[in-house]
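Right, one structure below, let's go through it.
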Amino acid sequence: MQALILAGGEGTRLRPLTSTIPKPVIRLAGRPFIVYMLEWLRSHGIEEAILACGFMAEDVRAVLGEGTDLGLRLLYIHEPKPLGTGGALRFAQDLLRERFLMLNGDVLTDIDLDAQLAQHEATGARATLALVEVADPSAYGLVHLDEDLSIEAFVEKPGQATGSARRSRAKAAAGPNLINAGVYVLERDVLEAVPPTGTRSSIERDVFPRLVGKRLFGHRSQGYWLDIGTPERYLQATFDLLDGTVRLAMRARTAQAQEHTLEPAMVEPGATIAQGATVGPYAVLGPAVTVGEGTRIARAVVLEGATVGAGATVTDAIIGPRSRIGSHCRVERDVVLGEGAVLQPGSVVADGARIFPGVVVSDGAIRS
Ligand code: GTP
């Protein structure tokens with residue numbers, strides 16, 4: 001079985017991290033994010049993955065290579081312009097076999113693909129979408145499933161629906177909050193519903209709704225599922241990996257107790273922590289990160305090569321690679337620093353501020 005992984009989006013919601021690093025290869029708890037997905041696919045017997053790239057395609061290939069270490073064959077295709085999720089499927093058509101998986105490349109999950117495939121086979125579906133139940137569906141569209149597991153309707157994001165969509169939503173509201181998990185088993189003939197080559201389209205909005213009533217099924221998948229496309233969810237995924245909430249066989253490799261760490265925490269090789277500093281709980285230091293004396297880092301990720309000066313506090317934040325935080329800075333509450341950003345000593349950055357790559361914040365306080 002082969003898998004087509006969509007890895008070509010710009011990842012605007014994860015800026016400024018994605019200003020210099022494509023989303024699939026941003027490090028998440030010790031490895032390029034998409035490696036978790038590739039290992040999960042491998043554990044379900046997938047042998048070939050086609051990475052549909054666009055934005056910063058060469059950087060994705062440079063990090064992942066041919067996939068030999070992962071026991072997979074990786075193929076890359078490079079869209080010359082963004083085609084959307086439907087256009088990416090059309091663009092890949094020459095490489096696709098009769099049945100294949102298609103996945104959003106920003107999903108961290110351990111759901112059971114074998115069960116989804118078995119249902120696909122049993123129902124004679126042309127497409128089976130993994131559906132997961134979420135407590136708060138406000139950021140997603142809902143999917144309404146019939147008793148025979150066929151998909152009856154896609155419902156707009158709660159709060160945005162009008163007219164007939166509102167009626168469908170009322171119907172769906174009685175059932176579970178099922179959302180599209182971005183993991184599909186497809187028969188090649190779904191291509192009949194995809195706009196022609198070179199046309200931008202969305203598989204979620206333009207293709208699947210056209211297939212309702214035409215052997216389109218949903219599989220209620222159990223297990224961990226999170227899309228890492230926003231800073232909040234990237235941090236949540238990090239914490240869940242540290243906790244072992246997601247069953248992806250890396251727990252042993254993550255939380256390693258060290259002097260100065262409060263578990264769960266992860267300190268990658270080459271990171272150094274000075275006297276009196278504490279790292280954790282829920283903190284990751286990437287390779288070659290340095291943390292100064294007396295500094296406190298909790299519920300935060302500090303990516304490779306960044307330095308955090310003495311007496312600083314970093315909480316609930318993502319610190320981009322090679323950025324420099326001066327002594328006695330405070331970085332807190334959903335801040336994201338891009339690659340190579342500099343905070344001069346004593347700066348305070350808070351409340352969701354995003355500091356773009358290479359920007360220097362001079363001494364004093366700024367807040368978002
Ligand atoms: P945002 O800009 O933050 O919305 O992120 P995104 O660009 O990743 O878009 P979105 O989260 O909607 O994309 C879902 C998945 O589809 C991600 O894995 C994207 O990489 C992928 N994707 C989105 N657009 C394209 C595209 O034009 N081509 C390809 N190959 N993949 C895409």
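The first residue of the sequence shown is numbered 1, and numbering continues consecutively from there. First listed ligand is number 1; within each ligand, the first listed atom is number 1.
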N/O donor-acceptor pair under 3.5 Å between R233 side chain and Q236 backbone: no
Side-chain donor/acceptor of T295 to backbone N/O of V291, under 3.5 Å: no
Note down each nitrogen or oxygen pair, ligand 1 side and protein side, whose separation is under 3.5 Å; give only atom names and the distance to 0.1 Å.
{"from": "ligand 1", "atom 1": "2 (O)", "to": "T12", "atom 2": "N", "distance (Å)": "2.8"}
{"from": "ligand 1", "atom 1": "2 (O)", "to": "T12", "atom 2": "OG1", "distance (Å)": "2.5"}
{"from": "ligand 1", "atom 1": "3 (O)", "to": "T12", "atom 2": "N", "distance (Å)": "3.2"}
{"from": "ligand 1", "atom 1": "3 (O)", "to": "T12", "atom 2": "OG1", "distance (Å)": "3.4"}
{"from": "ligand 1", "atom 1": "3 (O)", "to": "R13", "atom 2": "N", "distance (Å)": "2.8"}
{"from": "ligand 1", "atom 1": "3 (O)", "to": "R13", "atom 2": "NE", "distance (Å)": "2.8"}
{"from": "ligand 1", "atom 1": "4 (O)", "to": "R13", "atom 2": "NE", "distance (Å)": "3.2"}
{"from": "ligand 1", "atom 1": "4 (O)", "to": "R13", "atom 2": "NH2", "distance (Å)": "3.2"}
{"from": "ligand 1", "atom 1": "5 (O)", "to": "K23", "atom 2": "NZ", "distance (Å)": "3.4"}
{"from": "ligand 1", "atom 1": "7 (O)", "to": "E10", "atom 2": "N", "distance (Å)": "3.0"}
{"from": "ligand 1", "atom 1": "7 (O)", "to": "G11", "atom 2": "N", "distance (Å)": "3.0"}
{"from": "ligand 1", "atom 1": "8 (O)", "to": "K23", "atom 2": "NZ", "distance (Å)": "2.7"}
{"from": "ligand 1", "atom 1": "11 (O)", "to": "R13", "atom 2": "NH2", "distance (Å)": "3.0"}
{"from": "ligand 1", "atom 1": "11 (O)", "to": "D106", "atom 2": "OD2", "distance (Å)": "3.4"}
{"from": "ligand 1", "atom 1": "18 (O)", "to": "L6", "atom 2": "O", "distance (Å)": "2.8"}
{"from": "ligand 1", "atom 1": "18 (O)", "to": "G105", "atom 2": "N", "distance (Å)": "2.8"}
{"from": "ligand 1", "atom 1": "20 (O)", "to": "G8", "atom 2": "N", "distance (Å)": "3.3"}
{"from": "ligand 1", "atom 1": "20 (O)", "to": "G9", "atom 2": "N", "distance (Å)": "2.9"}
{"from": "ligand 1", "atom 1": "27 (O)", "to": "L83", "atom 2": "N", "distance (Å)": "3.2"}
{"from": "ligand 1", "atom 1": "27 (O)", "to": "G84", "atom 2": "N", "distance (Å)": "2.7"}
{"from": "ligand 1", "atom 1": "28 (N)", "to": "E79", "atom 2": "OE1", "distance (Å)": "2.8"}
{"from": "ligand 1", "atom 1": "30 (N)", "to": "A52", "atom 2": "O", "distance (Å)": "2.9"}
{"from": "ligand 1", "atom 1": "30 (N)", "to": "E79", "atom 2": "OE1", "distance (Å)": "3.4"}
{"from": "ligand 1", "atom 1": "30 (N)", "to": "E79", "atom 2": "OE2", "distance (Å)": "2.7"}
{"from": "ligand 1", "atom 1": "31 (N)", "to": "G8", "atom 2": "N", "distance (Å)": "3.1"}

Ring geometry between F33 and Y36 (parallel below 30°, tilted from 30 to 60°, perpendicular above 60°): tilted
Mutual orientation of the aromatic rings belonging to F208 and F154 [parallel < 30°, tilted 30-60°, perpendicular > 60°]: parallel
Salt bridge (charged side-chain N to carboxylate O under 4.0 Å, His left out) assessment of R13 paired with E232: CA-CA 10 Å; R13 287 166 299 162; E232 297 73 24; over 6 Å; no
Same apolar cluster (I L V M F W Y, side chains within < 4.5 Å links), F356/L337: yes
